[in-house]
Amino acid sequence: MNMRHSELDPFPKTFLWGSASAAYQIEGAYQEDEKGISVWDTFVKQPNTTFKNTDGDVAVDHYHRFKEDVALMAELGLKAYRFSIAWSRIFPNGKGQANQAGLDFYSQLIDELLAYNIEPIVTIYHWDLPQALQDQYGGWESRQIVEDFTRYATILFDTFSDRVNYWVSLNEQNVFITHGYLLGTHPPGVRDSKRMFAANHIANLANASVIKAFKKGGYKGQIGPSFNYGPSYAFDSDPLNVLAKIDTEELMSFFWLDVYATGRYPRTVMKQLEKLKLAPVVTEADQQLLASGIPDFIGLNYYQTATVKASTNDSFSGDMGMNNSGKKGTSKEIEIPRVSKFVKNPYLEQTNWDWTIDPIGIRIALRTIESRYRLPVLITENGLGEYDKLEHGEIHDPYRIEYLQKHLQEIQAAMTDGVQVLGYCSWSFTDLLSWLNGYQKRYGFVYVDRDETSERTLNRYKKDSFYWYQKVIQTNGDYL
Ligand code: BG6
C-alpha cells in the first residue's frame, strides 16, 4: 500500500548498515603470498573479453591497503562489511594443503573490522574459481567440485566462525552460470544451454552441501546464498504478456530461488526443460541433499527490474548485446525464444549502462521473497554504477545519493509491510573493477584514483555520498 514517510516503521537498532565488495574486483596482488591463479585471472588475459582489456592484477590494491580501507569504513560508520574470500588464496590449487598466508590475510582483515565494531559478512565464492580445478575436471561441470567446495568452505568455518556471524555461500549463481555457460561472456566462455543447466545443478548441490556442512558443524551464525533478483513486469495487461512475465520469473528467478528455499525446482520449468532435452540429471540423493541445505536467509542483490512482452521467436542468438561501454542506448533487445522479449519500461529511467532505475522494484522483490519463502533477507548488493569526476579532491555524486536514498526508503516501506530485512550492503564501498566494464563504471562511496589505462596514484577520496551515508547511519535511517 502507499505509505507516507511518517507512517514507516523506524529501522531496528540491530539493522546492519553495510557496504560490499568482492576479492577479484578489489584485491590485486594476484600472484602474491602463494595465491594460485583463478579462472578470472586467465579469462581477462584473452583479448577482447573485458572493456579495454582491463584486469584485476592490481585492481584497487586493497590487498596492500586494507587497513586504510577499513579505517575509511570506520569513519563512515559502517556496521557491516561484506567481502569475499579468494578460494585460490586459501587453496592455490583448489584443494590439498591450505595456504597459511591466505588464511592470515583474511584473519587480519576480520580482526581489523572487528576492532572498529564492523560486522564481517563473508562471501565464500564470488566467481574466482581456482584455475587448477577448471583444468583438472572442468570446474562447475564436474560433481567433484561439490566435495572440494565443501572442504574449502569448512576450512573457512573452522578458522573464522569464532569471529564471523554471516556467511554468503555462492554469489549470484544465476549470473556466473548463465554468463559462463550460455552467453560465454564469463569464464569458461561456453555457449551451450544443456551444459549450462547441468553445471547449474552441480552448483546447486555445492551450495546445499556447504549449507548442510555449516549446520551439521554446529557453527554459530547464519548462512545463505546471494541471488541477483530483479522482478519482471508485464508490459501491459494483455494476458499473453502477463503469462510471459510469469514464465520469465519462473525461468530466470524461481528456478534458483525455489531450489534454495524449498529444495525443489519449479515443476513448470523442469517440464519444459525435459521436453527440450535440456534438463539436468537429478537423482534421489540430489533431491535429499538439496532439501537438507535450506539457508537461514536469502541474500538479495538488486539492481533493476525487467519489463516483458510475449515472444514468438524460435531461436536464441546467444548474444545479449550488453552495453559494457557506458554509451547510453547501445544495449540490444534481449529475447528468450517463445518466452519473452525484454522491452523498455516507459515509466523508468536508465543509467548510462542502460540499467533500469526502479526503487519500487526492490520493495516488490522483497515482498515476493517474503510471500513465497518467508525467509529473512539480507540485502547483499544494491547500488548505482556511474561516471564520477574527481575535481579538486572532491566528487559530487548527487545521482548516487538519490538512487540509494530512494531504494532505502522502499526497503523501509517493505519492512513496514512485514518483510524481515537483516541489513543493507550497498555496492560498493570503494570504487572497484567492474568485471566486464572496466574501472570507469564506478559504484563506491570512496573514489579510487585509477582508470583503464593507468594505475595512477590509487589514492582514495571520499565522495559526497560517503558523507550522506554517514548521516543515514548516524541517525539509524531517520535522515532518509
Ligand atoms: C553483481 C556482482 O552482479 O553486480 C558484482 O555480484 C558486480 O560483482 C555488480 O560488480 C555490478 O555489476 P557490473 O557489471 O556493473 O560490475
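In this text, all values refer to a predicted model and were calculated from it rather than measured experimentally. Read the numbers this way: they start at 1 and go in the same order the structure lists the ligands and their atoms.
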Assess the residue pair Ser325 and Thr330 against the criterion (side-chain contact (heavy atoms from CB on, under 4.5 Å)); give the C-alpha distance rounded to whole Å, side-chain angles, the decisive distance to 0.1 Å, and a yes or no.
CA-CA 8 Å; Ser325 63; Thr330 54; 3.8 Å; yes

Does a side chain donor of either Tyr260 or Asn204 reach within less than 3.5 Å of an acceptor in the other side chain?
no

Arg191 to Tyr181, cation-pi by 6.0 Å centre distance and 45° axis angle:
no

Out of Trp127, Trp140, Phe176, which residue meets the ring-ring contact (aromatic ring centres under 6.0 Å, His included) rule with His186?
Trp127

Heavy-atom cut-off of under 4.0 Å around ligand 1: list whichever protein residues fall inside it, by chain and number.
Gln25, His126, Trp127, Asn171, Glu172, Asn228, Asn301, Tyr303, Trp355, Glu381, Trp427, Ser434, Trp435, Asn437, Lys441, Tyr443

Under the side chain to side chain donor-acceptor pair (under 3.5 Å) test against Asn382, which residue among Tyr303, Tyr302, Tyr424, Tyr443 passes?
Tyr424

Among Thr307, Thr248, Asp358, Asn345, whose side chain to side chain donor-acceptor pair (under 3.5 Å) with Tyr233 holds?
Asp358

